[in-house]
Asks: 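Sharing a structure, written as structure tokens. Questions coming.
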Amino acid sequence: MPPSGRKRRSIDDEEYDEDTRPRQRRNPAESEDEPDTGASDGEMEHDEFGTSADQQMAKKLVRYAISCEYSRTVIRRDVLGSQGRSFKRIFSLAQQQLRDVWGMELRELPVREKMSLQEKRAAMRSNAQPKSGSGAYILSSTLPKPYRSAHILAPSKTPSADDEATYAAFYTMVVSMIWLNGGELSEQKLSRNLSRLNADRNVSMEKTEIVLKKMERQGYVVKKVDRPPIGQDGDMMVTWHVGPRAKEEIGLDGVMGMVEEVYVNWDEDLEAKLCSSLGIKERRAVRDSRRDAEAEAEAEGEGEGEVDQTHAAEED
């Protein structure tokens with residue numbers, strides 16, 4: 001009996017403690033009405049901080065891109081450092097600032113092509129997927145074509161306007177010669193063409209060899225050297241190809257524009273030969289179809305005008 005009494009007393013004490021313990025009940029209506037201000041404020045502060053940080057990084061990227069353009073240095077994605085994860089967001093903000101304020105935009109350079117037989121075999125052996133982009137960017141103008149004249153887009157004054165204009169004309173000429181030769185030009189042909197232009201030794205105040213190395217470093221041309229296999233006799237073959245920067249900065253339109261400036265008496269036969277050399281017959285066909293469509297539209301407009309005049313004459 002005594003043990004049962006102790007158990008009963010302990011149970012009663014526990015019930016008394018539970019009854020006397022204060023209970024806090026929350027009204028469901030009040031909980032629904034109260035907004036979760038803490039989480040929303042934290043998210044708003046985080047969004048505002050992230051936006052301001054992205055704006056600052058975008059401004060830095062714009063300044064860096066403009067400074068790199070003077071030295072013709074490519075802009076790579078790893079320049080953002082720890083902010084590389086948010087590259088797309090910062091890149092879009094920088095693109096908007098460049099287009100709205102500076103009239104320029106960042107364009108990605110094409111991937112370097114596999115030119116040698118060894119590189120092509122290595123690419124076929126590896127199961128890796130080809131890269132969709134090079135990850136390197138340069139600045140390009142977004143101004144309309146009438147505003148891209150030499151009077152508006154003058155050469156840079158670094159180091160001087162004359163030197164900059166001479167260098168731009170030289171690398172445009174070399175790239176045009178390579179493109180017109182099927183995208184590949186041997187060392188002998190390049191030297192022969194430069195000697196005809198009296199540019200085989202010096203370009204302005206610099207040696208031609210140094211200028212070609214600078215062009216290769218900046219991505220205008222690619223120099224490929226094919227050496228004979230080890231243990232076999234043979235001559236070393238050196239060829240020049242169009243670089244990724246030239247494809248984006250000059251392009252086929254730049255080559256055609258330069259040829260049109262050189263040949264004064266421009267006609268359809270020269271245009272046909274130029275398109276054949278550049279391998280752009282399809283583009284010429286598209287241009288001819290557009291001209292035919294425009295001629296038909298003009299003819300229809302003139303026909304409608306004649307019909308309106310006849311109706312007006314009959315009414316009179």
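Numbering starts at 1 and runs along the sequence shown.
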Asks: Hey, are K223 and E216 close enough for a salt bridge, meaning a charged N less than 4.0 Å from a carboxylate O?
Replies: no
Asks: State whether the number of non-hydrogen atoms from other residues, nucleotides or ligands found under 6.0 Å of D235 atom CG is greater than 12.
Replies: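 Atom CG in D235 is not crowded, with 12 or fewer foreign heavy atoms closer than 6.0 Å.
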Asks: Take atom CH2 in W266; do more than 12 heavy atoms of anything else shown fall under 6.0 Å from it?
Replies: yes
Asks: What residues, two or more places apart in sequence or in another chain, satisfy side chain to side chain donor-acceptor pair (under 3.5 Å) together with E69?
Replies: R245
Asks: Please name all residues satisfying side-chain contact (heavy atoms from CB on, under 4.5 Å) with P144, sequence neighbours left out, ordered by chain then number.
Replies: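 Expected list: P146, Y147.
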Asks: Looking only at heavy atoms, what is the nearest atom pair of A58 and Q97, with distance?
Replies: CB-NE2, 4.0 Å
Asks: Output all residues satisfying salt bridge (Lys or Arg N to Asp or Glu O under 4.0 Å) with E184, sequence neighbours left out; order by chain, then residue number.
Replies: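 Testing E184 for salt bridge (Lys or Arg N to Asp or Glu O under 4.0 Å), a comparison that skips the adjacent residues, returns none.
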Asks: For S141 and R107, work out which heavy atoms get closest and say how close.
Replies: O-NH2, 4.3 Å
Asks: The criterion is side chain to side chain donor-acceptor pair (under 3.5 Å); which residues satisfy it with Y167, sequence neighbours excluded?
Replies: Q218
Asks: Main chain of P110, side chain of E248: is a donor-acceptor contact present, judged purely on distance under 3.5 Å?
Replies: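 No, E248 side chain to P110 backbone: no donor-acceptor pair under 3.5 Å.
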Asks: Just wondering, are more than 12 heavy atoms of other shown residues or ligands nearer than 6.0 Å to NZ in K189?
Replies: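 Open.
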Asks: What pairs with S92 under side-chain contact (heavy atoms from CB on, under 4.5 Å), at least two apart in sequence or on another chain?
Replies: none
Asks: Would you indicate whether the side-chain heavy atoms of T208 and V211 approach each other to under 4.5 Å?
Replies: no
Asks: With a 4.5 Å cut-off on side-chain heavy atoms, are M237 and S186 touching?
Replies: no
Asks: Atom CE in M57, atom OH in Y64: separation rounded to 0.5 Å?
Replies: 12.0 Å
Asks: Just one of L139, L93, T142 clears the side chain to side chain contact (heavy atoms under 4.5 Å, CB included) bar with L98, so which one?
Replies: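 Among L139, L93, T142, the one that satisfies the side chain to side chain contact (heavy atoms under 4.5 Å, CB included) with L98 is L139.
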Asks: For V222 versus P244, what's the shortest heavy-atom pair and its separation?
Replies: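 Looking at all heavy atoms of both residues, the shortest contact is CG2-CD, 4.4 Å.
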Asks: Please confirm whether the backbone N or O of D200 pairs with a side-chain atom of S195, one donor and one acceptor, at under 3.5 Å?
Replies: no
Asks: Please examine the side chains of V62 and W102, heavy atoms only from C-beta on, and report whether any two atoms are closer than 4.5 Å.
Replies: yes
Asks: List the steps and the verdict of side chain to side chain contact (heavy atoms under 4.5 Å, CB included) for L180 and L274.
Replies: CA-CA 8 Å; L180 290 170; L274 177 61; 3.4 Å; yes
Asks: Is L109 isolated, or which residues cluster with it under the ILVMFWY side-chain rule of less than 4.5 Å, directly or via members?
Replies: V74, I138
Asks: Are the side chain of N202 and the backbone of M205 linked by a donor-acceptor contact shorter than 3.5 Å?
Replies: no
Asks: Within a radius of less than 6.0 Å around NZ of K214, do more than 12 heavy atoms belonging to other residues, nucleotides or ligands occur?
Replies: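 Enclosed: over 12 neighbouring heavy atoms sit under 6.0 Å from NZ of K214.
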Asks: Would you compute the distance between atom NE2 of H241 and atom CG of N181 and round it to the nearest 0.5 angstrom?
Replies: 10.5 Å
Asks: Would you kindly confirm whether I210 and L194 end up in one hydrophobic cluster when ILVMFWY residues are joined by side chain heavy atoms under 4.5 Å apart?
Replies: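 Looking at the clustering, L194 is in a separate group from I210.
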Asks: Any donor-acceptor pair under 3.5 Å linking the side chain of S160 with the backbone of K157?
Replies: no
Asks: Pick one: which of L197, N193, V262 meets side chain to side chain contact (heavy atoms under 4.5 Å, CB included) with M173?
Replies: L197
Asks: Please identify each residue that fulfils side-chain contact (heavy atoms from CB on, under 4.5 Å) with V101, with sequence neighbours left out.
Replies: none
Asks: How far apart are the closest heavy atoms of M256 and C275, and which atoms are they?
Replies: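 In terms of heavy atoms, the two residues are closest at CE-SG, 4.3 Å.
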Asks: Is there a side-chain contact between L190 and I178 (heavy atoms, below 4.5 Å)?
Replies: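 No. Closest side-chain heavy atoms not under 4.5 Å.
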Asks: Apply side chain to side chain contact (heavy atoms under 4.5 Å, CB included) to the pair I250 and V242, showing each step before the final yes or no.
Replies: CA-CA 10 Å; I250 301 173; V242 180; over 6 Å; no
Asks: For A161 and P155, which heavy atoms make the closest approach, and how far apart are they?
Replies: O-CB, 3.8 Å
Asks: What distance do D163 atom CG and E206 atom CD have between them, rounded to the nearest 0.5 Å?
Replies: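 D163 atom CG to E206 atom CD measures 7.5 Å (nearest 0.5 Å).
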Asks: Enumerate the ring-ring contact (aromatic ring centres under 6.0 Å, His included) contacts for residues 177-225, please, sequence neighbours excluded, ordered by first and then second residue.
Replies: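 ring-ring contact (aromatic ring centres under 6.0 Å, His included) check on residues 177-225 returns Y171-Y220.
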Asks: Working to the nearest 0.5 Å, report the span between CZ of R192 and CZ of R196.
Replies: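 Answer for the CZ-CZ pair, R192 versus R196, is 6.0 Å.
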Asks: Does S156 have any side chain to side chain donor-acceptor pair (under 3.5 Å) partners at least two apart in sequence or in another chain, and if so, which?
Replies: none
Asks: Nearest 0.5 Å please: distance from the OG1 atom of T172 over to the CE atom of M258.
Replies: 6.5 Å
Asks: Just verifying a value: how many Å separate L106 CG and R99 CZ, rounded to the nearest 0.5 Å?
Replies: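 So the CG of L106 and the CZ of R99 are separated by 9.0 Å.
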Asks: Report the C-alpha separation of K273 and V259 in whole Å, then their side-chain angles, then the decisive distance to 0.1 Å, and conclude whether the side chain to side chain contact (heavy atoms under 4.5 Å, CB included) test is met.
Replies: CA-CA 11 Å; K273 293 179 181 179; V259 175; over 6 Å; no
Asks: How about R148: does its CZ atom have over 12 heavy atoms from other parts shown lying under 6.0 Å from it?
Replies: yes
Asks: Over all heavy atoms of both residues, which pair between L61 and A94 is shortest? Give the atoms and the distance, please.
Replies: CD2-CB, 3.7 Å
Asks: Check salt bridge (Lys or Arg N to Asp or Glu O under 4.0 Å) between R72 and all other residues, then give those that pass, not counting sequence neighbours.
Replies: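 Checked R72 against salt bridge (Lys or Arg N to Asp or Glu O under 4.0 Å); matches are E164.
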Asks: Okay, side chain of S67, backbone of R63: is any donor-acceptor separation there less than 3.5 Å?
Replies: yes
Asks: Verify side chain to side chain contact (heavy atoms under 4.5 Å, CB included) between W240 and L212, making sure each step is shown before the conclusion.
Replies: CA-CA 10 Å; W240 294 87; L212 290 174; 4.1 Å; yes
Asks: Under a 4.5 Å side-chain heavy-atom rule over Ile, Leu, Val, Met, Phe, Trp and Tyr, are M104 and I152 clustered together?
Replies: no
Asks: Can you name the residues that form a side chain to side chain donor-acceptor pair (under 3.5 Å) with R227, not counting sequence neighbours?
Replies: none
Asks: Does atom CG of D100 have more than 12 heavy-atom neighbours, drawn from other residues, nucleotides or ligands, at distances under 6.0 Å?
Replies: yes
Asks: Name all residues meeting the side-chain contact (heavy atoms from CB on, under 4.5 Å) criterion together with S191; count only those two or more places apart in sequence or in a different chain, and write none if there are none.
Replies: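 Once residues adjacent in sequence are excluded, the partners of S191 under the side-chain contact (heavy atoms from CB on, under 4.5 Å) criterion are E187.
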